[in-house]
Each structure stands twice: as structure tokens, then as C-alpha cells.
Number of protein chains: 2
Amino acid sequence: MSEKSDFALQDFLPYLLNQAAEESSLAFQQVYKGRYGMLRTEWRVLFHLGMHGELTATEIGARARIHKTKISRAVQRLAERRFLSRQRNVRDRRSERLALTPAGEAAYRDLRDVAREYDARIAAQFTTGEVALLRMMLKRLAGMD
Amino acid sequence: MSEKSDFALQDFLPYLLNQAAEESSLAFQQVYKGRYGMLRTEWRVLFHLGMHGELTATEIGARARIHKTKISRAVQRLAERRFLSRQRNVRDRRSERLALTPAGEAAYRDLRDVAREYDARIAAQFTTGEVALLRMMLKRLAGMD
DNA sequence: TGTTGTTAGTTACAAAATCAACTATTATCC
DNA sequence: GGATAATAGTTGATTTTGTAACTAACAACA
């Protein structure tokens, strides 16, 4: 048997990060998909609006690092389903001010609570110090610091 | 301005993990895509074969946690481009023994070296202890322990 | 033996992501 | 003011992924 193993894929950081990301997103995905029929980009847009109130598509894209076509389609779907409302900006009529509808607010609060619990359950696997370090390192790696 | 911010998306672990994974994969992706026209699943299959020698599609799927349809398509493309060869298993003619061709071996060694350097560059942002802890935590989160 | 169930892998169709080109509006600067 | 460039967002074509159904080969057991 040629067990060469001259490289340890299971230690390669981008690989590990992807596997951990995928695994850790799974259960949460089932919630926003199952309860609200949302896609990944859609809950992210929902959260940004829930956290910051009115924003334009470009502002959301900049904060979340999502490409404008993805945002555009997510906004469309969220608007169709009445989770958000769009209103042309008077100052710059190219852009729209996006805001959550009451239904959007409700979905946001629901998912936010799920996210909090979910995050806590993940964090509970480690010590407080470990989790703090993890978040710090991930932020640095994500270019979010 | 309604800066509610009653939730910190930038601290939500699944979100952070995804952002870090995406960011940290980018430059490596450009290498395997640019040099060999490979997709994510393809370099993973390549690496598993490079590390372990002959494997069946199912074995690769089990190790890498990739669905069989993805594997099937990745194997097809890698075979078309002569990076691997397929040979029906005599004992069980449902499965195929997959192995890298010389071209596949060369691509593997090249990308493996890139991955090593790349991993080192990421790790260099932190102390040795921090990186060891990070890998440990990611493995646990990925269910790889 | 033959019926039933399981496993390996492929294929077809639908859903989603990617990339480039496009419209509409605003900004720049001669 | 008017030409040119830049920006906000959308759309269409292509690629990639996901889901389910499928074929072929093997296993179990009456």
C-alpha cells in the first residue's frame, strides 16, 4: 500500500477553515431555509438591515463583502416576499434605500435569537479564552480588523 | 440614524468562519485555477490521490466529506485532462481504482508546495501556540477529531 | 436459484453562482 | 453647458452545484 502522506491536508488552514465553516453553518442554514425559504445571501442582507436600519445595496455589499449581483438578486427575492421595502433615494436616484418591513423585522428577530443560541452552543465547546482568541484570529484572517 | 446593532454579525462564529475561509482560500484558488484550470473539488480529489495513492471515488468522498455526484464530476474532468487514470476494480466491478498519472503527480507536487508555503504565510501572522490552538479548534468544529 | 436489498457511480433536471454587458443617473472637468 | 467618466443597480448567458432518479453490480437469504 502506498501510504505516502507527504502532506497533511487535514492541517492545511484554508481547507480546515472551509470544513469548519461548512459544518458550523449547516444547522443554522436549515433554520433560515426551512422557516423562511431564504438563501445565504438573503439572511445576510436581512441581518445587515436588521442591525443597521436603512441601507443601500452598495452599503450592504461593502459591509458584507458581497458582489452587487448577488445583493441585487437577494434584495429582489426579499422584496417579493415582503421582507423588505425599497424606496428610491431622492438625492441620488440611482440608489434605493432598503428597509425591513414588519415581517422582515420579525424574521430578523427570530433568526437573530436562533443565531445567538447557536453561537453560544458552538462556543460552549471551548473555554472563554479560547473562543475569544478564535474570534480574534478569524477576524484577522477575514480581513475584518 | 437608527444604529440599532442589537446583534454583532461580525462575531457570529459561522459567519466569521465563512468569511475567513473565503478570504484565506482566494489566493490559493487562483493558483490551482490559473495553472491547471481546476475547481475546488478537483484539487481536493487530486490531493487525496497524491497523498494516499490509489483510491476509489467512494473512499475519497468519505475522507473529504464530498458528495458522490461532485466526486463523479471532478473525476470525469480530471480524467479528461489526463491528471488521473481510472481502472475497473476486478473484485468489485462497480467501483474504479483511481490513480494519478505522471501529469497528475506533477500537478500535485506543485500545488502541494504552493499549499505549504501558503499555509506558512497564514500561520506567520500568529504565534506558534495560537496556530496550534486554531487548528485544534477548527478540527473540532469540522468534526475531524 | 431467485427475489429483495444494498452499494458504486452516473445522469438529468432544477437551483444557484459567476461574469460580462447593459441602462440610468450623477460627477468631473474642459 | 456639454462631453466623458464613474457609480448604482439590473439583466442575460454560462458555469457550477444540488437533488432525485437511474443503471449496473454485488450481497443476503429464503
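Every chain is numbered from 1, with letters handed out A, B, ... down the list of sequences.
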Which residues pass the side chain to side chain donor-acceptor pair (under 3.5 Å) test with B/D110, sequence neighbours left out?
B/R35, B/Y36

Side-chain N or O of B/S72 versus OP1/OP2 of C/dT10: is the shortest distance under 4.0 Å?
yes

B/K68 vs C/dT10: side-chain N/O to OP1/OP2 distance below 4.0 Å:
no

Check the side chains of B/N89 and B/T56 for a donor-acceptor pair under 3.5 angstrom, ignoring hydrogens and angles.
no

Taking CG from A/L39 and P from D/dG18, how many angstroms apart are they, rounded to a whole number?
12 Å

OP1 or OP2 of C/dG9 sitting under 4.0 Å from any side-chain N/O of B/Q76?
no

Taking only side-chain N and O atoms of A/R94, does any of them lie within less than 4.0 angstrom of OP1 or OP2 on D/dT7?
no

Centroid-centroid under 6.0 Å between B/F12 and A/F28 rings:
yes

Is the shortest side-chain N/O distance from A/R77 to OP1 or OP2 of C/dA16 below 4.0 Å?
yes

Under-4.0 Å side-chain N/O to phosphate OP1/OP2 contact, B/R40 with D/dT15
no

Examine D/dT7: is either OP1 or OP2 under 4.0 Å from a nitrogen or oxygen in the side chain of A/T58? Give yes or no.
no

May I ask you to verify whether the side chain of A/R73 and the base of D/dG12 hold a donor-acceptor pair under 3.5 Å?
yes

What's the closest nucleotide to the A/D92 side chain, out of D/dA20, C/dG9, C/dT26?
C/dT26

Would you mind reading off the distance between A/E96 atom CD and D/dT10 atom C1', rounded to a whole angstrom?
10 Å

